Structure formats: C-alpha cells, structure tokens
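Have a look at the structure below before the remarks.
Below, chains carry the letters A, B, ... as their sequence lines are ordered, and counting in each starts from 1. Heavy-atom basis, side chains included; hydrogens, waters and symmetry copies ignored. All values reported here derive from a predicted model rather than from experimental measurement.
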Protein chains: 2
Amino acid sequence: MMTSGPFAVEARHQNKSARTRARLMDAAVEVFARDGFEAASVNEIARMAEVANGTFYVHFKDKDAIAANVAARIATDIADQIDRAMEGMDDALDRFGFATRQFIAFASSQPQWGWVIIRAASFLPEMHRQMETHMCADLEMGCRQGQISAEIDAFLVDTITSMVFAALAARLRGDAGPEAGSRVTELVLNMLNIPPQRAHEVAWQDITLKDLHLPTQPKTERLAH
Amino acid sequence: MMTSGPFAVEARHQNKSARTRARLMDAAVEVFARDGFEAASVNEIARMAEVANGTFYVHFKDKDAIAANVAARIATDIADQIDRAMEGMDDALDRFGFATRQFIAFASSQPQWGWVIIRAASFLPEMHRQMETHMCADLEMGCRQGQISAEIDAFLVDTITSMVFAALAARLRGDAGPEAGSRVTELVLNMLNIPPQRAHEVAWQDITLKDLHLPTQPKTERLAH
DNA sequence: CAAAAAAATGGGAGTTATCTCAATATTTGT
DNA sequence: ACAAATATTGAGATAACTCCCATTTTTTTG
C-alpha cells in the first residue's frame with residue numbers, strides 16, 4: 001500500500017511517462033520537506049517514488065532540475081489559486097490581508113508544501129522573488145489608492161516577505177497557532193503606518209478561506225513487483 | 001603566503017594544539033560561509049586549513065561539533081561586544097536601535113561571519129534563539145518604560161528577528177546599502193506603533209558605531225611543505 | 001641533548017552518491 | 001496478435017566523503 005501525492009493524482013489519466021514523472025515529483029516534495037534541498041539525494045527520491053534510480057534520469061537531468069520544477073509548480077499553483085479566490089476584491093489592503101492569510105493557511109495545511117516553500121527561500125531564490133513580485137502588485141495598488149504612504153521598494157518588499165515566511169515557519173514548527181496569518185498581517189500593516197484600527201480590522205475580519213484545490217486522493221493499492 | 005583568520009590570530013601565542021584548532025575554525029567559517037553548513041565537508045575544511053584530514057578528527061568529533069563551536073563563538077563574541085558598547089544607555093528604544101544597527105554594520109563588515117550567521121539560522125536554531133533572547137531584554141525594558149504598548153511574545157520576537165536577519169542578508173548580497181540597519185530599525189519601531197517621528201529619530205540619529213574588536217592581522221608568510 | 005609526550009600525518013576500509021547504458025519490460029498502433 | 005516505439009531497470013564505473021589508526025614529526029621536559 002502506498003499513498004499517492006497530489007501530482008500523481010493529477011496525472012492519473014495521463015500516459016505512463018507523465019505518471020512516473022509525477023510520482024517522482026511527489027517523492028521529491030516529501031524528501032525535500034523532510035531533509036532539505038541540500039541533504040536530499042537523487043537516490044532517496046527514486047527510492048521514495050519506488051522506481052529504479054536510473055528511471056530518475058530519464059525524467060530529470062539532476063536534483064536541481066526536479067527541485068526547480070517542483071518549486072515552480074507549487075509557487076504558481078498557490079499563487080494562481082489565491083489570485084482566483086480574490087477576483088472580486090478591490091481594496092488593496094483587503095487583498096493583501098486575504099492573500100497573506102490564505103497563503104499561510106494553505107501552506108500549513110499541506111506541511112510538506114509549506115516546508116518546501118520555506119526551504120526553497122534560500123535554495124531557489126527565484127521562487128522567493130516570484131512571490132515578492134506577486135505581493136508587490138497589491139502593495140503598489142495600496143499606494144495608488146492612497147492607503148499606503150510608505151514608498152514600496154525592494155528592501156521593504158523583502159522585509160515583508162521575510163515576515164510572512166517567518167510566520168509560516170513558526171506555524172509549521174508548531175510554535176504558532178492558526179492566528180499566525182492574522183497576526184503577521186496586522187504587524188505588516190502597522191509597519192506600513194496604516195491606522196491601527198484599520199489594520200486590526202483587515203487582519204482579523206472574518207473571511208472564508210477557500211479550500212484551495214489540492215487533488216489528493218487517499219490511497220492506491222499496488223503489488224510489490 | 002596565506003591569510004590568518006581571526007581565530008588563528010587570537011591563538012597566536014597559545015600552544016600548537018590551540019593554534020591548529022583555531023586554524024580549523026577559521027577554515028570552517030570560510031567554507032560554511034561559501035558553501036553552507038550542509039554542503040560543507042570535513043575534507044574541504046581540512047584542505048582549507050592546510051592540515052591533513054586526520055588532524056581534523058583530533059580536534060573535533062565531526063562537522064556538527066565544529067559548526068556548533070564556531071557559531072557559538074561568533075554569537076557570543078558579537079553579543080558581548082554590543083553589550084559592552086551599550087553600557088551607558090538607558091533608553092530601551094535607543095538600545096534596541098543601537099544594537100540592531102551595530103549588529104548589521106559589524107556582520108556585514110565581516111561578510112564571512114555574516115553569512116555564517118545567516119546560514120546558521122536554519123542549521124543551528126540555538127544560535128538564532130540566543131540572539132532572540134538577547135534582543136528580548138531591551139524590548140521588555142521598553143514595555144516596562146511604557147514606550148512599547150504591544151505585548152512581547154515569542155511570535156513577535158521571532159518576527160523581529162527575521163526582519164533583522166533579512167536586512168543583514170540583503171546587505172550581504174549587496175541588495176542594500178549601509179542604511180539597511182537604520183531602515184529595518186525604523187520599520188520595526190513602526191511595527192510596534194512607536195510614534196513615527198520618534199521611530200525615525202531613533203533609527204537615523206548619528207551614533208558612533210564602535211569598531212568591534214576582531215583581531216585580524218593581515219598576512220603571515222609560510223613555506224609550502 | 002636525548003627520552004617522553006603531544007600532535008599531525010596520510011593511506012585505507014567502508015559508505016554513499018551520481019550518472020550511464022545495454023538489457024528487459026511495457027505500451028501503443030495497425 | 002505482433003512489431004515498433006516507449007519506458008524502466010539495475011549493475012557498474014567513478015568520485016567524494018567519513019572516520020580510524022599505525023606511523024612519523026614536532027614539541028616539551030629533565
């Protein structure tokens with residue numbers, strides 16, 4: 001008996017090549033989350049995916065290739081879904097608060113994805129930057145709307161990102177409860193000199209966190225060899 | 001010709017064992033800073049220290065042992081010196097601002113130490129925690145002095161630490177200039193709802209950054225073999 | 001200065017990794 | 001059902017690493 005990860009479930013009805021590739025990606029998530037990118041080995045990923053080690057190289061050039069692939073998939077998956085969930089929202093601060101809270105809620109409900117995101121921060125700076133750019137949009141909208149007086153530059157965006165990531169890490173370690181998203185949102189808004197009352201309202205208002213799509217299916221039987 | 005690191009210079013007049021140990025620690029700093037803790041190998045450290053690989057094991061049990069040693073030395077060295085430099089200061093916010101700015105200035109003037117600190121954040125959480133505890137003292141003093149109204153808890157301290165570390169990382173990468181310390185200080189104080197005017201004053205006031213003691217001496221001749 | 005103590009050496013056994021490739025198994029198209 | 005196309009396999013060449021330890025070199029001491 002073995003569990004199928006999200007990628008494998010998604011590829012269920014594609015051809016064998018795609019299915020094996022997906023198994024490898026799920027295994028990679030598991031290993032990266034557990035051991036970190038540097039400590040992870042191709043051998044271990046193949047073992048976890050229950051394929052021969054040579055099979056790995058049919059699908060990916062090396063560890064970096066699969067890491068980049070996995071990280072990109074996770075990042076765009078989450079970003080797209082958050083974007084879609086916010087489609088109606090106009091207020092920049094509401095958007096920022098929603099995105100932050102939804103991001104932390106989702107990444108901590110899928111701890112393996114969450115850990116990959118945290119670990120990717122140092123190993124795959126591109127992913128980090130992608131999330132920054134994404135967040136930038138709402139903050140700059142806040143400037144145009146006159147709600148944010150601070151100037152949004154790279155340093156500020158970097159600081160905010162590191163706060164959000166720190167909150168996610170605390171949540172994943174178990175050091176913070178489900179309120180982590182709201183707390184960090186309020187702190188960021190305070191930092192930007194939003195009136196405390198408004199910051200508190202944005203950060204703690206009831207929102208319906210969407211159940212982000214993650215096509216996990218329970219189990220799949222499989223005979224050993 | 002080879003350069004002697006800070007530890008080697010400090011151990012200059014001790015016995016051979018201590019000197020070799022110090023060489024290994026300097027080499028370890030160099031390798032950890034360049035490659036990260038996980039990617040670093042005992043072989044590479046020994047090679048960098050110009051000693052046989054077996055010599056390493058005379059002085060340290062394994063890579064983790066030297067890493068813990070180096071990190072502890074760096075952390076206490078910096079913390080002690082900042083403490084000493086602040087001996088006269090009474091105002092909690094001034095103390096916080098000074099410590100933060102001095103920390104970033106020093107760690108970025110010694111980039112190898114700076115990188116070790118950054119990388120140690122994930123590999124040696126103890127070091128991270130040590131710095132948090134240290135900072136806590138000033139923040140709680142700020143509460144008692146009535147300057148900080150927010151409640152200081154683990155989540156808040158963790159957030160502040162991650163902001164300071166992010167600023168240091170940006171400085172080390174070259175993405176931020178010498179103003180990084182002041183900027184992050186002001187952001188933290190804003191986050192704590194200190195009146196913006198006061199926050200700005202604390203963060204940007206002229207201070208004489210002490211030249212923290214780092215007994216680096218330029219070079220030492222040495223014949224090959 | 002010679003003997004004893006301390007430190008350093010480097011070869012080697014054992015482990016784990018990466019990546020390739022000829023052989024084998026599976027899937028697909030007709 | 002059969003051949004061609006695709007995909008998987010696992011042994012093996014190569015390399016790097018960890019840690020040990022018998023030997024050699026250096027330092028200390030009487």
Open item on the list: Walk me through whether Trp113(A) and Phe7(A) qualify under ring pair (Phe, Tyr, Trp, His ring centres under 6.0 Å).
Closed with: CA-CA 12 Å; Trp113(A) 282 31; Phe7(A) 292 128; 5.8 Å; yes
Open item on the list: Do the side chains of Arg47(A) and Glu44(A) get close enough for a salt bridge, i.e. N-O under 4.0 angstrom?
Closed with: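 Yes, this pair counts.
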Let me know the distance between [atom1] of [X] and [atom2] of [N], rounded to the nearest Å.
X        : N       : atom1 : atom2 : value
Asn43(B) : dC20(D) : CG    : P     : 14 Å
Glu38(B) : dC17(D) : CD    : C1'   : 16 Å
Phe56(A) : dT16(C) : CZ    : P     : 20 Å
Asp64(A) : dT18(C) : CG    : P     : 11 Å
Tyr57(B) : dC17(D) : OH    : P     : 10 Å
Glu44(A) : dT16(C) : CD    : C1'   : 12 Å

Open item on the list: Does Val58(A) reach a base, just sugar-phosphate, or nothing at all? Heavy atoms under 4.0 Å.
Closed with: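 Touches a base.
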Open item on the list: Under 4.0 Å, heavy atoms only, any strand: does Ser17(A) hit a base, just the sugar-phosphate, or nothing?
Closed with: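 If one applies the 4.0 Å heavy-atom cut-off, Ser17(A) turns out to touch the sugar-phosphate alone, with no base involved.
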Open item on the list: Parallel, tilted or perpendicular: which one describes the rings of Phe123(B) and Phe37(B), with boundaries at 30° and 60°?
Closed with: parallel
- [ ] Check every atom of dA7(D), dA8(C), dT18(D) against the side chain of Thr20(A) and return the nucleotide holding the closest atom.
- [x] dA7(D)
Task: Base dC19(C) paired with Asn53(A) side chain (donor-acceptor, <3.5 Å) - done: yes
- [ ] Kindly say if Arg47(B) contacts the phosphate of dC17(D), meaning a side-chain N or O under 4.0 Å from OP1 or OP2.
- [x]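 Yes, Arg47(B) has a side-chain N/O under 4.0 Å of OP1/OP2 on dC17(D).
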Open item on the list: Please tell me if His59(B) has a side-chain N or O lying less than 4.0 Å from either OP1 or OP2 of dA8(C).
Closed with: yes
TODO: Measure the CG-CZ distance between Leu124(A) and Arg129(A) for me, rounded to the nearest 0.5 Å.
DONE: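 One gets 10.5 Å once the value is rounded to the nearest 0.5 Å.
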